[in-house]
Amino acid sequence: MESNSYNDATPKSRLGGASHHAIINLVSRLRQGDTRALARAISLVENDAPVAPVLLSACFPSTGRALRIGITGAPGAGKSTLVDRLARVFHGTPELPQNNKTVGVIAVDPTSPFTGGALLGDRIRFQNYHGDPGFYARSMATRGSLGGLALSTADVALVLEASGKDVILIETVGVGQDEIEIARLADITLVVLVPGMGDDVQSLKAGVMEIADIFVVNKSDREGADRVEQEVRALQSLASDHPAHTPPVVRTTATTGDGIETLATAIDQMQQWLLQENRLSKRRAQHWQRRLDAMLRTELMRRARQNGFDANVLQFHAARIASGQQDPWQLVAQLTEKVFSGNST
Ligand SMILES: Nc1nc2c(ncn2[C@@H]2O[C@H](COP(=O)(O)OP(=O)(O)O)[C@@H](O)[C@H]2O)c(=O)[nH]1
Ligand SMILES: [Mg+2]
C-alpha cells in the first residue's frame with residue numbers, strides 16, 4: 001500500500017526519472033487544455049509518484065477559481081446519474097450549449113474500483129463528451145497510498161482545477177470517515193437520499209448530516225419521496241448547527257432530469273450565500289487547515305521511512321518491545337529526533 005520509492009532519497013528517484021523541467025512542461029501543457037497531459041498528471045498524483053509534490057506545486061498557482069461540488073450518498077442512490085445531469089447543465093451539450101462552463105468529474109468509489117457499475121456507467125454516459133477539452137471525467141481507481149484517499153482525491157481535484165475547469169464534481173460513496181473527508185474538500189456538498197430509506201434517514205451518520213449544504217431526494221418518481229423529505233426536515237428542526245443556513249431539500253428524478261434545474265438553482269443560491277461575508281474563504285481556510293495537517297503527517301512519515309523507519313525495522317523493534325528488551329516510548333523519541341536532525345545513519 002505504501003510507496004516504497006520513498007525509501008530511496010536520491011534526487012533522481014524522487015523525480016521518478018522525470019526531470020523537474022519535464023514536470024513543469026507537463027503542467028504547462030495541461031494548463032493549456034491538453035487532455036493527455038492532464039490524464040498523465042492525474043495518474044502521477046493518484047499513484048503518489050515521487051514527482052507528485054513538484055507537480056502539485058506547479059499546479060497550485062492556477063487554482064482557487066473553480067467551484068467544487070461534492071455529491072455523496074449510498075451506493076445506487078443515483079449519484080453518477082445526477083453528476084451526469086449536472087455536468088450537462090453546467091457544461092451544456094453540443095446541441096444545447098447552455099452555460100458553457102468547463103467541467104471536471106472525479107468519481108471515487110472504493111467499493112468498486114475497476115469493475116463497478118458506476119465506472120462502466122460513467123464511461124457510457126460521458127462518451128458523448130469524448131474529445132471535448134471542456135469536459136474531463138476520471139474514476140479514482142485506488143485507495144490512495146500514503147496520505148489516504150481523501151488526500152489523493154484532493155490532489156487530483158487540484159490538478160483538474162489547474163487544467164482550467166470551472167466546476168469540479170466529486171462523487172463519493174458516503175459511508176465512512178474517508179468519504180466525509182472527501183466531501184469536505186468541496187465548497188458545496190450535496191447529500192443524496194432516496195425514498196425507501198424512511199426511518200433510515202435518522203441512522204445516517206451524523207457527519208454526513210453535518211456536511212450537507214443541499215439535500216437531494218433522488219428517485220422521486222418512486223413512492224415515499226415526501227416521507228424522506230419530512231424526515232430530513234424533522235432532523236433539521238432538531239439540529240441547530242446551521243443557524244445561518246438551513247440546507248434546502250430538492251427532489252429529483254435523475255433518470256428523466258426532473259428537478260435538475262431546481263437543483264442547479266439551489267447550487268447557485270448556495271454559491272451566492274458562500275460568497276457573502278467571506279464564507280467561502282473561511283470554508284476553504286478550514287479545508288486547508290485539515291489538509292495541511294494531513295500533508296504534514298504524510299511528509300513526516302515519509303521522512304521517518306527515509307530514516308530507516310520502514311516495515312522491516314518496525315518489525316524488528318516490535319519483536320524487541322514485545323519481549324521486553326526495548327522501551328517503545330524511548331524508541332519513538334529517538335526516531336523522531338533522528339527525523340528532525342536529518343541524520344539518516
Ligand atoms: N427510478 C429511478 N432510477 C434512478 C434514478 N436515478 C438513478 N436511477 C437508477 O439507479 C441506478 C443507480 O444509479 P447510479 O447513478 O449508478 O447510482 P450511484 O451508485 O449512486 O452512482 C441506475 O440503474 C440508475 O438508472 C431516479 O431518479 N429514478
Ligand atoms: Mg456512481
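Being a predicted model, the structure only gives us computed values, none of them experimental. Values below: all heavy atoms of this structure, side chains included; hydrogens, waters and symmetry mates excluded. In listed order, ligands and their atoms are each counted from 1.
- Note on ligand 1: Ala77 sits in its first shell, one or more heavy atoms being nearer than 4.0 Å.
- For atom 1 (N) of ligand 1, the choice among Val192, Thr253, Thr252, Asp221 with the nearest heavy atom turns out to be Asp221.
- The N/O atoms of Ser220, backbone and side chain alike, include none that comes under 3.5 Å of an N/O atom in ligand 1.
- Between Asp258 and Arg85 no salt bridge is recorded (no basic side-chain N to carboxylate O distance below 4.0 Å).
- To the nearest 10 degrees, the Mg ion (ligand 2) sees OE2 of Glu171 and OG of Ser80 at an angle of 90°.
- For the pair Pro75 and ligand 1, the shortest N or O to N or O distance does not fall below 3.5 Å.
- Counting only distance, with no hydrogens or angles, the side chain of Lys101 and the backbone of Ala87 share no donor-acceptor pair below 3.5 Å.
- The contact set between ligand 1 and Ser80, taken as ligand atoms under 4.0 Å from a residue heavy atom, comprises 15 (O), 18 (P), 21 (O).
- With respect to Asp187 and Arg284, a salt bridge is recorded, a charged nitrogen being found less than 4.0 Å from a carboxylate O.
- Considering backbone and side-chain N/O atoms, Thr81 comes within less than 3.5 Å of an N/O atom of ligand 1.
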What donor-acceptor contacts under 3.5 angstrom involve side-chain atoms of residues 51-63, with partners at least two apart or in another chain?
unit_1	atom_1	unit_2	atom_2	d
Ser57	OG	Pro53	O	3.3
Ser62	OG	Arg31	NE	2.9
Thr63	OG1	Phe60	O	2.6

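- The one candidate from Glu231, Gln230, Glu229 that meets the side-chain hydrogen bond (donor to acceptor under 3.5 Å, both in side chains) condition with Arg233 is Glu229.
- Considering backbone and side-chain N/O of Glu171, one or more are found under 3.5 Å from N/O of ligand 1.
- Counting heavy atoms only, Thr255 comes closest to atom 26 (C) of ligand 1 of the residues Thr72, Thr256, Thr255.
- For Arg279, the salt bridge (charged side-chain N to carboxylate O under 4.0 Å, His left out) partners are Glu277, not counting sequence neighbours.
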